[in-house]
2 protein chains.
Amino acid sequence: MGKTMTIGKLASAVGISVETIRFYQRQGLVTQPKKPLNGFRQYHFDTIERLKFIINAKSLGFTLNEISTLDNLSSGCKLFHDLANTKLESIKNEISHLHNIEQNIKVLIDSCSSDCKADDCSIAEKMYS
Amino acid sequence: MGKTMTIGKLASAVGISVETIRFYQRQGLVTQPKKPLNGFRQYHFDTIERLKFIINAKSLGFTLNEISTLDNLSSGCKLFHDLANTKLESIKNEISHLHNIEQNIKVLIDSCSSDCKADDCSIAEKMYS
DNA sequence: GTTGACTTAGTACATAGGTACGGAGTTTAT
DNA sequence: ATAAACTCCGTACCTATGTACTAAGTCAAC
């Protein structure tokens with residue numbers, strides 16, 4: 001018998017909730033161990049690493065769907081490289097989109113004093129056009 | 001009789017779907033005119049402006065909930081100024097969050113060649129920790 | 001040997017912003 | 001006058017990521 005644990009221990013070992021682990025199981029991101037006689041499933045130590053991988057990938061902006069296509073890195077990192085480059089592009093796009101919005105909001109904010117009649121407010125002029 | 005139109009004309013006037021206008025009505029963002037005898041509601045011309053306001057606000061990153069608290073600009077633009085400043089802050093935060101992610105992904109991408117064995121891959125080292 | 005903490009499975013709920021569908025009535029164009 | 005296009009209302013569905021809850025069974029501690 002190696003290092004195994006129940007789902008609760010696993011959850012606190014990686015700092016997420018039991019419900020979240022179950023959810024990842026339903027999504028196919030984590031495999032569910034077989035049910036033993038007493039009914040309490042035993043999770044292998046490796047599952048901690050798998051969950052950490054998922055958590056790290058999420059923090060890098062990967063969706064659960066994307067993570068599920070990665071499976072893991074044990075067969076080399078080419079897949080990861082490719083997905084990471086794609087993600088990098090989409091993040092750059094998001095950033096420039098947000099920069100645009102930022103600029104537009106700044107222009108609006110600066111375009112009139114902080115409280116004016118609607119009739120001569122250039123914010124109104126811009127927002128209703 | 002002033003300028004009124006059915007929902008379909010309204011929708012094509014502002015370039016969104018009928019379903020979306022109905023959705024905005026359900027959300028309380030647009031008021032629904034009374035039902036006349038023939039059953040086909042007539043929308044006032046002003047509703048075009050209201051919808052344009054909503055569409056513009058959305059493109060500035062405001063949520064429908066936020067837009068509903070704005071109501072409109074006819075009572076001065078102070079409310080709008082305040083919300084816009086708050087939104088500007090949150091957009092700046094989002095941008096810096098994305099910049100962080102961008103940096104982290106770049107580091108990962110550069111940290112190993114594009115295809116290596118899992119054992120000596122520094123990506124794996126970082127993703128499983 | 002009882003109390004409290006834990007696990008099981010399944011299902012419902014939540015957010016945000018819509019999209020899609022169905023059947024019945026109405027209007028418009030030819 | 002008839003067919004196509006439009007409108008009405010209500011409801012269900014969609015993505016993404018979980019959270020909450022129930023009822024029943026089990027384990028561990030004192």
Side-chain angles (χ1 to χ4, degrees), chain A residues 1 4-44 47 50-51 53-70 83 87 90-91 94 97 101, chain B residues 1 4-44 47 50-51 53-70 83 87 90-91 94 97 101:
Chain A
M1 52 159 308
T4 68
M5 65 200 98
T6 59
I7 197 169
K9 303 283 183 188
L10 179 60
S12 55
V14 295
I16 63 180
S17 78
V18 168
E19 297 301 316
T20 300
I21 294 174
R22 289 196 202 285
F23 175 70
Y24 288 166
Q25 288 176 160
R26 288 196 295 273
Q27 300 305 111
L29 285 164
V30 169
T31 58
Q32 190 178 43
K34 278 173 191 152
K35 198 171 177 174
L37 291 177
N38 71 7
F40 286 22
R41 298 175 196 275
Q42 291 295 315
Y43 290 78
H44 194 265
T47 315
R50 175 63 180 155
L51 284 170
F53 177 78
I54 294 170
I55 291 163
N56 283 328
K58 261 172 56 63
S59 80
L60 288 170
F62 294 106
T63 66
L64 298 185
N65 262 340
E66 286 166 343
I67 295 169
S68 75
T69 71
L70 282 176
L83 188 55
K87 180 59 64 177
S90 76
I91 284 172
E94 262 187 88
H97 180 220
I101 292 180
Chain B
M1 53 162 307
T4 68
M5 65 200 97
T6 60
I7 196 168
K9 303 284 182 188
L10 179 59
S12 58
V14 295
I16 63 180
S17 78
V18 168
E19 298 301 316
T20 300
I21 294 174
R22 288 196 203 285
F23 175 70
Y24 289 167
Q25 288 177 160
R26 289 196 295 274
Q27 301 305 111
L29 285 163
V30 170
T31 58
Q32 191 180 42
K34 278 174 192 151
K35 198 171 176 175
L37 289 178
N38 71 8
F40 284 22
R41 299 176 197 273
Q42 291 295 316
Y43 289 79
H44 194 265
T47 316
R50 175 63 180 157
L51 285 170
F53 176 79
I54 293 170
I55 291 163
N56 284 328
K58 261 173 57 61
S59 81
L60 289 170
F62 294 106
T63 67
L64 298 185
N65 262 339
E66 287 165 342
I67 295 169
S68 75
T69 71
L70 283 176
L83 188 56
K87 179 59 63 178
S90 76
I91 285 173
E94 261 187 90
H97 180 220
I101 292 181

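Reminder, nothing fancy here: chain letters follow the sequence lines and each chain counts from 1.
Distances shown here put every side-chain N or O of B:Thr6 at or beyond 4.0 Å from the OP1 or OP2 atom of D:dC6.
Checked against side-chain hydrogen bond (donor to acceptor under 3.5 Å, both in side chains), A:Glu94 has no partners two or more places apart in sequence or in another chain. In this structure, the side-chain hydrogen bond (donor to acceptor under 3.5 Å, both in side chains) partners of B:Thr20, at least two apart in sequence or on a different chain, are B:Ser17. Residues forming a side chain to side chain contact (heavy atoms under 4.5 Å, CB included) with B:Ser59 (at least two apart in sequence, or on another chain): none. Listed by chain and number, the residues in a salt bridge (charged side-chain N to carboxylate O under 4.0 Å, His left out) with A:Glu19 amount to none (sequence neighbours excluded). For B:Ser12, there are no side chain to side chain contact (heavy atoms under 4.5 Å, CB included) partners, not counting sequence neighbours.
Both B:Gly8 and A:Thr63 lie close to DNA chain D; mapped to their nearest nucleotides by heavy-atom distance, the more 5′-ward contact belongs to B:Gly8.
Once rounded to the nearest 0.5 Å, the distance linking NZ of A:Lys9 with OG1 of A:Thr4 reads 11.5 Å. Note that CG of B:Leu60 is 12.5 Å distant from CD1 of B:Ile55, once rounded to the nearest 0.5 Å.
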Distances under 3.5 Å between protein N/O atoms and the N/O atoms of nucleotides 25-29 of chain D, please, pair by pair.
{"from": "D:dC27", "atom 1": "OP1", "to": "A:Asn38", "atom 2": "ND2", "distance (Å)": "3.4"}

Expected rows: protein N/O vs nucleotides 18-22 of chain D N/O, under 3.5 Å:
{"from": "D:dG18", "atom 1": "OP2", "to": "A:Tyr24", "atom 2": "OH", "distance (Å)": "3.1"}
{"from": "D:dG18", "atom 1": "OP2", "to": "A:Lys58", "atom 2": "NZ", "distance (Å)": "2.9"}
{"from": "D:dT19", "atom 1": "OP2", "to": "A:Ser17", "atom 2": "OG", "distance (Å)": "3.3"}
{"from": "D:dT19", "atom 1": "OP2", "to": "A:Thr20", "atom 2": "OG1", "distance (Å)": "2.5"}

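Whole-Å rounding puts the B:Gln42 CD to D:dT7 C1' distance at 11 Å. A straight line from CD1 of B:Ile21 to P of C:dG18 spans 12 Å, rounded to a whole angstrom. Rounded to whole Å, atom P of C:dA20 lies 15 Å from atom CZ of B:Arg22. Here the C1' atom of nucleotide D:dT17 and the CD atom of A:Glu66 are 14 Å apart, to the nearest Å. When the C1' atom of C:dT15 is taken as reference, atom CD of B:Gln27 falls 11 Å away, rounded to whole Å. When the C1' atom of D:dT7 is taken as reference, atom CG of B:Leu10 falls 13 Å away, rounded to whole Å. Atoms CG (B:Asn65) and P (C:dG18) sit 12 Å apart, rounded to a whole Å. One can place CZ of B:Phe62 at 17 Å from C1' of C:dG17, the figure rounded to the nearest angstrom.
Residue-level contact check: B:Gln32 touches the backbone only, with heavy atoms under 4.0 Å from sugar-phosphate atoms and none from bases.
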Name every donor-acceptor pair, under 3.5 Å, that has one atom in a side chain of residues 21-39 of chain B and the other anywhere in the protein, sequence neighbours excluded.
{"from": "B:Gln25", "atom 1": "OE1", "to": "B:Tyr43", "atom 2": "OH", "distance (Å)": "2.5"}
{"from": "B:Asn38", "atom 1": "OD1", "to": "B:Phe40", "atom 2": "N", "distance (Å)": "2.7"}

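For residues 55-65 of chain A, no residue pair satisfies the salt bridge (Lys or Arg N to Asp or Glu O under 4.0 Å) rule, not counting sequence neighbours.
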